[in-house]
Structures are given as structure tokens and as C-alpha cells.
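All residue numbers in this chain count up from 1 along the given sequence.
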Amino acid sequence: AILGILALIAVPRLAGTTRKADISAHNANVRSLESAATMYIAENTNIKEDVEWAGGDGEGWEEYVQEWPKVPESIDGDEYKVIISKDGAIEVLPPKVDE
């Protein structure tokens with residue numbers, strides 16, 4: 001009975017900890033992808049059309065990111081996508097999540 005009570009207390013706390021870890025990892029991934037896109041813009045100052053990176057080979061991100069990150073399980077979204085607009089705006093999907 002004591003073990004059951006301890007399990008009832010511990011399991012919800014572990015689930016919350018896992019979610020917080022996923023959010024932290026996701027936000028770090030988004031920051032890394034934004035930094036990579038910023039480096040791309042710095043090296044390619046004359047961008048004539050929007051650029052999209054979605055993790056596929058040959059999309060142009062390989063020089064700026066060692067490995068394409070995976071979206072953590074508890075974050076909505078199948079895969080990261082980076083959109084670099086010709087005006088220099090950067091959008092990463094799914095976006096950062098508030099903790």
C-alpha cells in the first residue's frame with residue numbers, strides 16, 4: 001500500500017519533468033536553427049527568394065547544422081521547418097513554447 005501511494009505521488013511529477021525537458025530541448029533546437037539561418041543570411045547577403053529548410057538532404061542547411069534535430073515527442077509538430085525570407089526574416093516551425 002505504501003508503494004502504491006508513493007507511485008501515485010511520483011508518476012505525475014515525473015510526467016511534468018519530462019514535459020519540461022521536452023520544452024527546454026525544443027526551445028534549444030529552435031535557437032540553434034535560428035542561429036544557423038542567421039549565419040546563412042550573413043554569408044548569402046543577396047537572397048532573391050525565400051529559402052526553406054525541412055531537414056532533407058541537399059536543402060542547403062548542411063553547412064550550418066551538423067545534424068537536423070528531431071521534434072521532441074510532447075511538442076506538436078512532425079519535423080522542424082525553417083523559412084528564411086528574402087527580406088531577412090527567419091521563422092522556425094514549430095515555434096518556441098512558453099515554459
Side-chain angles (χ1 to χ4, degrees):
I2 294 172
L3 290 176
I5 292 170
L6 290 174
L8 286 173
I9 294 170
V11 169
R13 289 187 182 189
L14 288 175
T17 302
T18 301
R19 172 73 177 155
K20 284 183 181 181
D22 281 353
I23 289 171
S24 294
H26 167 68
N27 289 342
N29 288 341
V30 171
R31 283 190 300 275
S32 294
L33 292 171
E34 288 171 340
S35 293
T38 300
M39 287 188 292
Y40 176 86
I41 291 169
E43 291 182 4
N44 299 280
T45 55
N46 193 16
I47 300 172
K48 294 185 179 162
E49 58 185 45
D50 293 355
V51 175
E52 277 191 29
W53 296 341
D57 291 335
E59 292 184 15
W61 59 265
E62 295 86 351
E63 293 182 37
Y64 307 96
V65 181
Q66 276 187 326
E67 181 179 321
W68 197 256
K70 293 184 181 358
V71 178
E73 286 184 25
S74 68
I75 304 296
D76 292 333
D78 296 331
E79 184 176 49
Y80 288 109
K81 182 178 189 180
V82 178
I83 303 164
I84 304 168
S85 299
K86 59 185 171 186
D87 65 359
I90 299 168
E91 181 179 17
V92 178
L93 300 171
K96 288 182 184 174
V97 176
D98 294 330
E99 294 187 39

Side-chain touch [X]/[Y], heavy atoms, less than 4.5 angstrom:
X	Y	result
Arg19	Ile75	yes
Val97	Asn27	yes
Glu91	Asp50	no
Val51	Asn44	no
Ile84	Tyr40	yes
Glu52	Glu59	no

*Is a donor on one side and an acceptor on the other found under 3.5 Å between the side chain of Glu34 and the backbone of Ser32?*
no
*For the side chain of His26 and the backbone of Glu73, is there at least one donor-acceptor N/O pair under 3.5 Å apart?*
no
*Aromatic plane relationship, Trp53 with Tyr64 - under 30° parallel, 30 to 60° tilted, over 60° perpendicular*: parallel
*Verify same cluster id: Ile47, Trp61 (apolar side-chain graph, 4.5 Å)*: yes
*Considering residues, nucleotides and ligands other than Asp87, do more than 12 of their heavy atoms fall under 6.0 Å from its CG?*
yes
*Take atom CD in Glu43; do more than 12 heavy atoms of anything else shown fall under 6.0 Å from it?*
yes
*Nearest heavy-atom pair of Pro72 and Tyr80: which atoms, and what distance?*
CD-OH, 3.5 Å
*Measuring from Glu67:CD to Glu62:CD, what's the distance to the nearest 0.5 Å?*
12.5 Å
